[in-house]
Amino acid sequence: MPFPPVDEQMDVLRRGVDEILPEEDLVEKLEESRTTDTPLTVKLGCDPSRPDLHLGHTVVLRKLRQFQDLGHRAILIVGDFTGMIGDPSGRSKTRPALTLEETRRHGQTYYDQATRILDPDKTEILYNSEWLDEMSFSDVIELASTYTVARMLEREDFKNRYDAGQPISIHEFLYPLAQGQDSVHIEADVELGGTDQRFNLLLGRHLQEKTAGQDPQVCMMLPLLEGTDGSKKMSKSLDNAIGITEAPEDMYGKTMSIADDLIYRYAELVSDIPTDDLPKVKQFAEENPRDAKAQLAENIVTQYHGEDAAQKAREHFEQTVVQGDVPDDLPEYRPEAGAGEEVGLLNLMSGAGLTESNSEARRLIEQGAVSIDGDTVEDTGLYVDVSAAAPFVLQVGKRRYARVVWNGAE
RNA sequence: GGGUCGGUAGCGAAGUGGCCAAACGCACCAGACUGUAAAUCUGGCGGCUCAGCCUUCGGAGGUUCGAAUCCUCCCCGGCCCA
């Protein structure tokens with residue numbers, strides 16, 4: 001099974017990439033791999049603390065898939081050990097350190113989702129606790145001695161926090177080292193990561209050379225995909241993410257809500273559209289952003305849910321968003337009510353899960369956001385005889401619906 | 001260990017004895033508008049049996065007619081010194 005020519009491989013691998021450090025090393029490694037008929041070992045580390053994958057994660061997973069398709073070896077390293085200690089980004093200090101069991105479970109979830117993109121037969125999965133947990137304190141000290149505080153503080157994240165007077169725990173300095181140690185352990189040829197991983201990836205190079213005399217890995221950095229808000233990177237906590245396990249309708253709708261000038265970027269990074277067709281997409285996006293986006297949305301939904309679901313999602317979008325109609329399938333709610341019994345609308349709304357509190361329900365009514373079968377409700381104190389009025393459609397805002405059904409005599 | 005500053009709603013940040021359910025910004029929700037779940041504008045954004053009432057300002061006590069605001073102790077963090 002010969003590898004494709006290096007030029008061809010590079011053409012595939014360059015798509016969407018932000019930076020390859022150093023690029024000539026990659027070419028060299030590919031050449032050597034081809035002459036010796038040995039696949040490259042490509043590493044991707046993943047953080048099991050947040051196992052819900054979104055399109056942002058898929059940028060780098062897709063790249064890994066490309067390596068697989070070219071015949072190389074993909075290793076997914078689940079950071080179960082690092083996840084056990086806590087969170088390195090310092091953003092959520094309150095996040096409890098996970099137990100080994102939890103990180104394993106999350107790791108499995110991650111793998112299950114990642115293999116929607118990766119080729120499961122060609123994906124090796126390793127847990128870094130396997131080797132990191134075995135290291136003694138003196139091993140760690142030795143590892144730590146190869147790097148300096150000043151260099152650690154070069155990392156933007158650390159520098160910013162240090163300058164802003166925010167706390168940095170000592171163990172956070174150990175994280176990049178641990179990640180680098182992973183590269184040493186598997187003797188990675190290439191490590192993939194987002195552009196925010198630059199420092200950590202480079203540290204892997206450093207450790208491979210300094211502590212193990214290995215040929216240092218090539219660092220390949222991919223852009224951080226902007227979220228649906230159009231500016232900040234996609235992240236679940238910013239609530240601008242499109243999850244890969246989300247319902248087709250949601251995926252479609254969220255994709256339609258991205259900014260027009262992000263269409264090309266999404267097409268390049270998270271669509272199946274062939275590289276040769278990308279220029280056409282770019283032009284299309286400028287001429288007719290609405291349709292270009294619809295095409296993109298369909299492409300994305302198809303990848304995760306298939307063509308039929310994508311079609312349905314498109315129809316659903318047309319119906320509910322473009323035309324403002326009530327969707328066909330909406331959740332049913334059967335309140336407990338006897339014949340002729342009147343139920344407060346506020347209770348109906350929270351009972352149907354449309355609102356979280358009666359105060360919220362009241363506010364929404366006052367704002368004209370609540371309707372019954374399309375008629376806007378104005379009275380916050382409205383009582384409904386469910387047995388007589390049901391079934392009817394209760395709508396809150398644009399996207400919250402329930403079909404209220406009477407459950408018969410009680 | 002010492003000094004000093006700080007811990008306020010999802011986040012950031014005002015307020016420093018009554019007019020505080022707590023300014024403002026972000027996020028979020030709704031209405032209008034739109035090809036759009038974008039942008040923009042407007043309103044909302046603790047809870048309740050809602051023109052009133054109840055629970056909130058790191059924690060526990062205390063002073064006071066009355067405290068997020070004053071005092072005591074404790075917990076957590078920044079900075080400086082050792």
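Lettering of chains follows the sequences in order, A, B, ..., and the numbering in each one begins at 1.
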A/Leu345 CG to B/U49 C1', straight-line distance once rounded to whole Å: 16 Å
Along RNA chain B (nearest heavy atom to each residue), the more 5'-positioned of A/Leu346 and A/Arg399: A/Arg399
Separation of the C1' atoms in B/G2 and B/G10, to the nearest angstrom: 37 Å
Whole-angstrom distance between B/U8 and B/A60, as gauged at atom P: 16 Å
For B/A37, the Watson-Crick or wobble partner whose two distances fall under 3.5 Å: none
Between B/C29 (P) and A/Gln367 (CD): distance, integer Å: 12 Å
Touch class at under 4.0 angstrom, heavy-atom based, for A/Glu356 against every strand present: nothing
Distance test, side-chain N/O of A/Asn358 to OP1/OP2 of B/C50, below 4.0 Å: no
Spacing between A/Leu382 atom CG and B/U49 atom C1', to the nearest angstrom: 17 Å
Shortest non-hydrogen contact between A/Asn358 and A/Leu346, atoms and distance: OD1-O, 3.7 Å
Atom-pair distance (OH on A/Tyr266; C1' on B/A38), nearest Å: 12 Å
Separation of the P atoms in B/G47 and B/A23, to the nearest angstrom: 15 Å
Sugar-phosphate, base or nothing in reach of A/Ala259, heavy atoms under 4.0 Å: nothing
Whole-Å distance separating the CD atom of A/Glu366 from the P atom of B/G43: 15 Å
Side chain A/Ser359 and base B/C50 donor-acceptor under 3.5 Å: yes
Phosphate contact (B/A30 OP1 or OP2) by A/Arg400 side-chain N/O below 4.0 Å: yes
CD1/A/Ile141: more than 12 non-hydrogen atoms of other groups inside 6.0 Å: yes
Residue pair A/His54 / A/Glu246, side-chain donor-acceptor N/O under 3.5 Å: no
From OG1 (A/Thr195) to CE (A/Met221), nearest 0.5 Å: 8.0 Å
Spacing of A/Met349 atom CE relative to B/A30 atom C1', expressed in whole Å: 11 Å
Presence of A/Ser257 side-chain N/O under 4.0 Å of B/A38 phosphate oxygens OP1/OP2: no
Strand partner of B/G6, provided both Watson-Crick or wobble distances fall under 3.5 Å: B/C76
Gap in Å between the two C1' atoms, one belonging to B/G66 and one to B/G18, rounded: 6 Å
Whole-Å gap separating P (B/G78) and CG (A/Asn160): 17 Å
Donor-acceptor under 3.5 Å (A/Lys293 side chain, A/Ile258 main chain): yes
B/G6 versus B/C19 - spacing of their P atoms, nearest Å: 23 Å
Atom P, compared across B/C73 and B/C54: separation rounded to whole Å: 33 Å
Which residue lies more 5' along RNA chain B, comparing A/Lys254 with A/Asn347 via nearest heavy atoms: A/Lys254
Options B/U36, B/A30, B/G35, nucleotide nearest the side-chain atoms of A/Arg290: B/G35
Watson-Crick/G-U partner (both atom distances under 3.5 Å) of B/U63: none
Distance test, side-chain N/O of A/Ser357 to OP1/OP2 of B/G47, below 4.0 Å: yes
For A/Thr41, the option from A/Arg73, A/Glu124, A/Glu187 that meets side-chain hydrogen bond (donor to acceptor under 3.5 Å, both in side chains): A/Arg73
Check against side-chain contact (heavy atoms from CB on, under 4.5 Å), A/Leu13 and A/Leu30: CA-CA 11 Å; A/Leu13 295 175; A/Leu30 287 171; 4.2 Å; yes
Mate of B/C53 where both pairing distances stay under 3.5 Å, Watson-Crick or G-U: B/G47
Sugar-phosphate, base or nothing in reach of A/Asn288, heavy atoms under 4.0 Å: nothing
Identity of whatever pairs with B/G1 - Watson-Crick or G-U, under 3.5 angstrom: B/C81
Partner nucleotide, any strand, of B/U42 [Watson-Crick/G-U, under 3.5 Å]: B/A30
Pair partner, B/A14 [Watson-Crick or wobble, under 3.5 Å]: none
Length of the NZ-P vector between A/Lys398 and B/A38, whole Å: 7 Å
Sugar-phosphate, base or nothing in reach of A/Gly230, heavy atoms under 4.0 Å: nothing
Gap in Å between the two C1' atoms, one belonging to B/A21 and one to B/A14, rounded: 15 Å
C1' atoms of B/A82 and B/U55, separation to the nearest Å: 46 Å
Nucleotide of B/A37, B/G47, B/A30 approaching A/Arg363 most closely (side-chain heavy atoms): B/G47
A/Arg362 side chain near B/U49 phosphate (N/O to OP1/OP2, under 4.0 Å): yes
Polar side-chain atom of A/Glu191 near backbone of A/Lys43 as donor-acceptor pair, under 3.5 Å: no
